[in-house]
There are 4 protein chains.
Amino acid sequence: MDHSDIEPSHGGRGEEQETRERILAAASQLMAKKGYKGATTRKISQLAGVNEVTIFRHFKNKEAILEELLKGILDIRQQLENHLHGEFSELKEILLRYARGYYTMLVERKEVLLICMIEADNHPEVIKLFSSVPMTAVEVLCNKLQEFQDQGHLPKGDACAAALMFVSTFFYAFMAKHRVNLNPEFQEEQLFEDATNILMHGITGITNSHR
Amino acid sequence: MDHSDIEPSHGGRGEEQETRERILAAASQLMAKKGYKGATTRKISQLAGVNEVTIFRHFKNKEAILEELLKGILDIRQQLENHLHGEFSELKEILLRYARGYYTMLVERKEVLLICMIEADNHPEVIKLFSSVPMTAVEVLCNKLQEFQDQGHLPKGDACAAALMFVSTFFYAFMAKHRVNLNPEFQEEQLFEDATNILMHGITGITNSHR
Amino acid sequence: MDHSDIEPSHGGRGEEQETRERILAAASQLMAKKGYKGATTRKISQLAGVNEVTIFRHFKNKEAILEELLKGILDIRQQLENHLHGEFSELKEILLRYARGYYTMLVERKEVLLICMIEADNHPEVIKLFSSVPMTAVEVLCNKLQEFQDQGHLPKGDACAAALMFVSTFFYAFMAKHRVNLNPEFQEEQLFEDATNILMHGITGITNSHR
Amino acid sequence: MDHSDIEPSHGGRGEEQETRERILAAASQLMAKKGYKGATTRKISQLAGVNEVTIFRHFKNKEAILEELLKGILDIRQQLENHLHGEFSELKEILLRYARGYYTMLVERKEVLLICMIEADNHPEVIKLFSSVPMTAVEVLCNKLQEFQDQGHLPKGDACAAALMFVSTFFYAFMAKHRVNLNPEFQEEQLFEDATNILMHGITGITNSHR
DNA sequence: AATGAATGAGAATTCATTCAT
DNA sequence: TATGAATGAATTCTCATTCAT
């Protein structure tokens, strides 16, 4: 689970920034802003504070940097499911926790997610990785809601649509804030609560209105 | 300012205009897929079926093509408001109409929106244009909901958050379908209905739970 | 036979040096001297008097230049056979003509042959082309000698070894003069005569001494 | 681990010497195949099984490796002359011995000779070294033949042309086999005999036909 | 109005070599 | 002594753009 044993860190906590890590960080930052092509090796090297050629001592080619970055997306299902433990009586808390957890995951993977979005058509392997994040989030939440439905706590209804709405809200919020820098003073916490409230009423009152 | 002279080609003048349109269409298609840099003038010219240099007879430079494309986003507020006419008793129909209308607008502006998203950091003027679309959609819907609240039809609550959720849902659906090609067999109409139902219950039952 | 009709020459005789031809000539010259790698596109462009990028407007890549050059080697069998027409009574004249003709062909293909030799291991397709020249020369001459043997004009013996010696002599002379610049005052015509004399006596007196 | 059959490694000194030899061997092999430029220090180090930088501890620079390799060509005149001892009555045996000896010398110096040929234009000092081998071979043989002419055993004639033919034959055979991999099943011994026979008849019957 | 030829700026990448350990 | 990290120079090639026709 913990990758910190790949390279024993001499200082306390990644203090000694390895060249390789600096290159990855610079590349990730630039690619998320400028796209794969816009993040030239020259710019990456300058931002990383290394010589341009040094990049190629650490990575076979530019593509390999991207591949390395993409590895950071994996394995979110377990984390997401952990946020959902709890009884129906705690539904509001559960949903709030899920909202916060999902949004945090997006922000933590900010650069890679943006890269994926930007490069979706140029690097096809990226699409699956990228879409897996919200898809998994919808799926996991939908399962939980259906569980509550099966237990009779919630009226039957399209739990998946509800989950999709919930997840979409935070996905859009994430995009608005981190891609477009819309509403820099945007209050996430308030949105978590409002969206949770709306969802709760929305699903509680659902009557099986769809085919 | 006004491009309304899209006329059938009669003589040299119309032909020239048509060439220009073909270049714009090709550029828009390619930039939406490959990004601004990935859409090389060579590829644009090939897709448009013209000589590469012809591009520069119609546009000062590549940047000018992008600028021209961006003009297509303007003025959506009026259209959106048109979808919202109606009494509270027709709320469901209103919301459905709004969902369809908004989603259709996104799809109609598909390429330009994707370009904006991809190039957000490279062409700063793009950000405002891009974000204006969902922002306006949220704002317009929020106003209507607050109108209903003021009329006593709806309980007080954060109508903006509700509007945001609604709009976000379709924004994400649009992205998933047109950027990531997720769920190509995706049923939009079903989502419109489900989301409308959830929203209606969500806002109907809102109690002023925050602030 | 005559390739001058590929491009109608406006002047008298290839006066208007096409850019493409200039690039090919420069590349051929440099590659024959410096090898494929040593003939950098920069050097080629300078020698051809064009911009470096112009090379890539005329050839897909550097390799394509080499491929174009290699096409010049083809079809030597017919030419070689033409030199061999004649009766046994004219043997000396025939051999002299053959020697001159073969050597001339080598010199005419000088650059390409040297390139082939230099790049034999780096560009495998080159080997066949290169070796085809002396091989064909040996084969064609050997056939003629065996014809004379069959007609009883020459004693049976290994005509192929004789042909090989003859051809080798001029191949080495060619190499010595054009690769190594050995003996710049070297008298080819004298060698043609001497080698012809030696060969004639050598084969005339051959007794079937080999297994 | 133990390469002690080249130079018995006793302690650091022999090991160092052995490393040096491995580098030389690798460089010679690669340069003969790929040329000076094609034999990158990286490839050399890999083939030699040493670190790339180690090369520069043993040689000032890449050029110095080549210079070291070229030293191996020297002093062939004595060896060649040794093959020619004998009376005229043994002419055939003498020539056969000479052919074998010369060809063997070529093969033994295979890599360096090929390097010289490939790099003739890039490293001018190479030309003299390279051409010295066949030139010496022709000269030594020519001297012997003229000796026999002076003794009246052979008719007067251009002994040098004869020597050149003889030597050329094996030079070409060497090239064909080791540069171009032509005729891998090529039978050298047969060629030695055939060429010797032809030469013997050729020179025995020479009439002073020129000058 | 449209095209073919040409080009300067800059991209990724390789190579021989140096430095510090 | 040997090595891992780093680098300046150079290489092939792409791209947007201009020029002459």
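Numbered from 1 within each chain, the chains take letters A, B, ... in sequence-line order. Just the heavy atoms: all of them, side chains too, but no hydrogens, waters or symmetry mates, feed the values below.
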Are D:Glu18 and D:Arg22 ion-paired here, with the side-chain N under 4.0 Å from a carboxylate O? yes
Specify the separation, in whole Å, of atom CD1 of D:Ile23 and atom C1' of E:dA16. 14 Å
Between B:His58 and E:dA1, is there a contact of a side-chain N or O with OP1 or OP2 at under 4.0 Å? no
Spacing between D:Phe59 atom CZ and F:dA2 atom P, to the nearest angstrom: 12 Å
Between the main-chain N or O of B:Ala39 and the side-chain N or O of B:Lys62, is there a donor-acceptor pair closer than 3.5 Å? yes
Does any non-hydrogen side-chain atom of B:Leu24 lie less than 4.5 Å from one of B:Phe59? yes
Mind calculating the distance between CG (C:Leu30) and P (F:dT12) to the nearest angstrom? 11 Å
Quick one: which residue pairs count as a salt bridge (charged side-chain N to carboxylate O under 4.0 Å, His left out) with a foot in residues 117-130 of chain B, not counting sequence neighbours? A:Arg179-B:Asp121
Measure CD/A:Glu18 against C1'/F:dG4 and give the value in whole Å, please. 12 Å
Show the atom names and distances, to 0.1 Å, of all donor-acceptor pairs under 3.5 Å that link a side chain in residues 44-51 of chain C to residues at least two apart or in another chain.
unit_1  : atom_1 : unit_2  : atom_2 : d
C:Ser45 : OG     : C:Thr41 : O      : 3.3
C:Ser45 : OG     : C:Arg42 : O      : 2.7
C:Asn51 : OD1    : C:Val53 : N      : 2.7

From CD1 of A:Ile44 across to C1' of E:dA12 the rounded distance in Å is 11 Å
Could you state the CD1-P distance from A:Ile65 to E:dA11, rounded to the nearest angstrom? 14 Å
Kindly say if C:Thr19 contacts the phosphate of E:dA6, meaning a side-chain N or O under 4.0 Å from OP1 or OP2. yes
Which residues share a side-chain hydrogen bond (donor to acceptor under 3.5 Å, both in side chains) with C:Lys71, sequence neighbours left out: C:Glu68
Under 3.5 Å donor-acceptor, B:Tyr36 side chain and B:Glu63 backbone: yes
Heavy atoms of other groups near A:Lys33 NZ, more than 12 under 6.0 Å: no
Classify every nucleotide of nucleotides 16-21 of chain F by which part a protein heavy atom approaches to under 4.0 Å, writing B for the base, S for the sugar-phosphate alone and - for neither, in 5'-to-3' order. BBBB--
Could you give me the stems involving DNA chain E, meaning stretches of three or more consecutive Watson-Crick or G-U wobble pairs whose two defining distances are both below 3.5 Å? E:2-21 with F:2-21
Between F:dC15 atom C1' and B:Ile55 atom CD1, what is the distance in whole Å? 12 Å
Proximal nucleotide (of F:dT7, F:dA6, E:dT3) relative to the B:Thr54 side chain: E:dT3
Set of side-chain hydrogen bond (donor to acceptor under 3.5 Å, both in side chains) partners for C:His58, sequence neighbours left out: none
For A:Leu66 and E:dA12, give me the distance from atom CG to atom C1', rounded to whole Å. 15 Å
